[in-house]
Amino acid sequence: MKINQSSLPFHPYILLFISILSVSISSIMIKSSDTPTSVAGMYRLYISVIIMLPFVPWKTLRSSEMNKKDWSTVFLAGLFLGLYFLCWMESLVYTSVASSMVILSLQPLFVMIGSYFMFRERTNVLTILCLIAALLGSVIIAWGDIGVSREALMGDGLSLLGTILVSAYMLAGQKVSHKIDANLYSVIVFF
């Protein structure tokens, strides 16, 4: 899809920079917050819904080809996303931001495995080698946390569970993505 730059209020690279900065500092801000993780996760999703609402093409809802099974997949995706935020944000209470983020970086590995079993998608050898390197890095981080404390290891486990949940969210979205507008899907799932 080609975006007309003259119709955007900012240059796309500025928006990209803001997005990357927001994602990069989110775990640090969560770690430094005194807010309970369940409340912080809820607000993070609801504020996203409020920001995205003006960009939702509600007319496409009527013309979508969604059946009851697809809607239950969307509901399940929302459940997976909510549980992901709960587990991942809670992991930051017990372990370091670095450990949690390294484990979270395994998400492409779980999506690749899930895509193979659910959609029969294949990947190339280089991708598999890169994902194995990421897995080994996560094992090294977790191994280092064994000596730190049991709490750090519990945080690593929560981060791993969150990673599996966000992967399930991504796979559920992939299953219905061709039937519903992306903005509409995001608002429904985030809500």
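Positions are given from 1 along the sequence. Computed from a predicted structure; not experimentally measured.
Under the side chain to side chain donor-acceptor pair (under 3.5 Å) criterion, the residue pairs touching residues 119-129 are Glu121-Gln174, Asn124-Thr127, with sequence neighbours excluded. Each salt bridge (charged side-chain N to carboxylate O under 4.0 Å, His left out) pair with one or both residues in residues 68-77, not counting sequence neighbours, appears once here: Asp70-Lys179. Counting only residues at least two apart or in different chains, ring-ring contact (aromatic ring centres under 6.0 Å, His included) contacts with residues 165-191 comprise Tyr46-Phe191.
Among residues two or more places apart in sequence or in another chain, the ring pair (Phe, Tyr, Trp, His ring centres under 6.0 Å) test is passed with Phe117 by none. For Ser72, there are no side chain to side chain donor-acceptor pair (under 3.5 Å) partners at least two apart in sequence or on another chain. Scored by the side-chain contact (heavy atoms from CB on, under 4.5 Å) test, Ile20 finds Leu16, Ser24 as partners (sequence neighbours excluded). Considering only residues two or more places apart in sequence or on other chains, Thr37 meets the side chain to side chain donor-acceptor pair (under 3.5 Å) condition with Glu90. Under the side chain to side chain donor-acceptor pair (under 3.5 Å) criterion, Asn183 pairs with no residue at all, not counting sequence neighbours. Contacts of Ile50 classified as side-chain contact (heavy atoms from CB on, under 4.5 Å), with partners at least two apart in sequence or in another chain: none. Looking at residues two or more places apart in sequence or on another chain, you find no side chain to side chain donor-acceptor pair (under 3.5 Å) involving Glu151.
Clustering of Ile, Leu, Val, Met, Phe, Trp and Tyr side chains at separations under 4.5 Å places Tyr94 together with Val93, Met154, Leu158. Under a 4.5 Å side-chain heavy-atom criterion applied to ILVMFWY residues, the cluster that includes Ile25 comprises Phe17, Leu21, Met29 as well.
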Given the rule in the side-chain contact (heavy atoms from CB on, under 4.5 Å) test, do Leu79 and Leu76 qualify, once you have shown the distances and angles that lead to the verdict? CA-CA 5 Å; Leu79 181 66; Leu76 201 58; 4.3 Å; yes
### Message
Could you go through Met42 and Phe85, starting from their C-alpha distance and side-chain angles, then the distance that decides it, and tell me whether this counts as side-chain contact (heavy atoms from CB on, under 4.5 Å)?
### Response
CA-CA 8 Å; Met42 179 194 67; Phe85 275 115; over 6 Å; no
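Contact check for Val166 versus Phe80: no side-chain heavy atoms found under the 4.5 Å cut-off. Contact annotation: the side chain of Trp88 never approaches that of Ile103 to less than 4.5 Å [non-hydrogen atoms, C-beta and beyond]. Looking only at side-chain heavy atoms (C-beta outward), Ile188 and Trp71 come within less than 4.5 Å of each other. At a threshold of 4.5 Å between non-hydrogen side-chain atoms, the residues Met170 and Phe110 do not count as touching.
Cluster annotation: Leu104 and Ile28 are assigned to the same hydrophobic cluster (Ile/Leu/Val/Met/Phe/Trp/Tyr, side-chain heavy-atom contacts under 4.5 Å, transitive). Hydrophobic clustering, with ILVMFWY side chains joined whenever heavy atoms are under 4.5 angstrom apart, keeps Phe75 apart from Tyr84. The hydrophobic clustering, which links ILVMFWY residues whose side-chain heavy atoms are closer than 4.5 Å, places Val74 and Met118 together. The hydrophobic cluster containing Ile132 also contains Ile113, counting ILVMFWY residues as joined when their side-chain heavy atoms lie under 4.5 angstrom apart, directly or transitively. Follow the hydrophobic side-chain contacts under 4.5 Å out from Phe55 and you never reach Val49; the two are in separate clusters.
Note that the OG atom of Ser38 and the OH atom of Tyr43 stand 10.5 Å from one another [nearest 0.5 Å]. Note that the CG atom of Leu86 and the CG atom of Leu161 stand 9.5 Å from one another [nearest 0.5 Å]. Atoms CD and CG, from Gln107 and Leu165 in turn, are 11.5 Å apart once rounded to the nearest 0.5 Å. If you take OH on Tyr13 and OG on Ser19, they are separated by 13.5 Å, rounding to the nearest 0.5 Å. Expressed to the nearest 0.5 Å, how far CE of Met112 lies from CG of Leu106 amounts to 11.0 Å.
Listed here is the closest heavy atom pair of Val189 and Gly78: CG1-CA, 3.5 Å. Taking all atoms of both residues into account, the shortest heavy-atom contact from Ala172 to Ala77 is CB-CB, 3.7 Å.
A side-chain donor-acceptor contact under 3.5 Å links Ser96 and Ser99.
Looking at Ser22, its side chain does come within 3.5 Å of a backbone N or O of Ile18 through a donor-acceptor pair. When atom types are taken as modelled, the side chain of Thr95 and the backbone of Ser91 share no donor-acceptor pair closer than 3.5 angstrom.
The side chain to side chain contact (heavy atoms under 4.5 Å, CB included) with Ser100 is formed by just one residue from the set Asp156, Thr163, Leu160, Leu92; it is Leu92.
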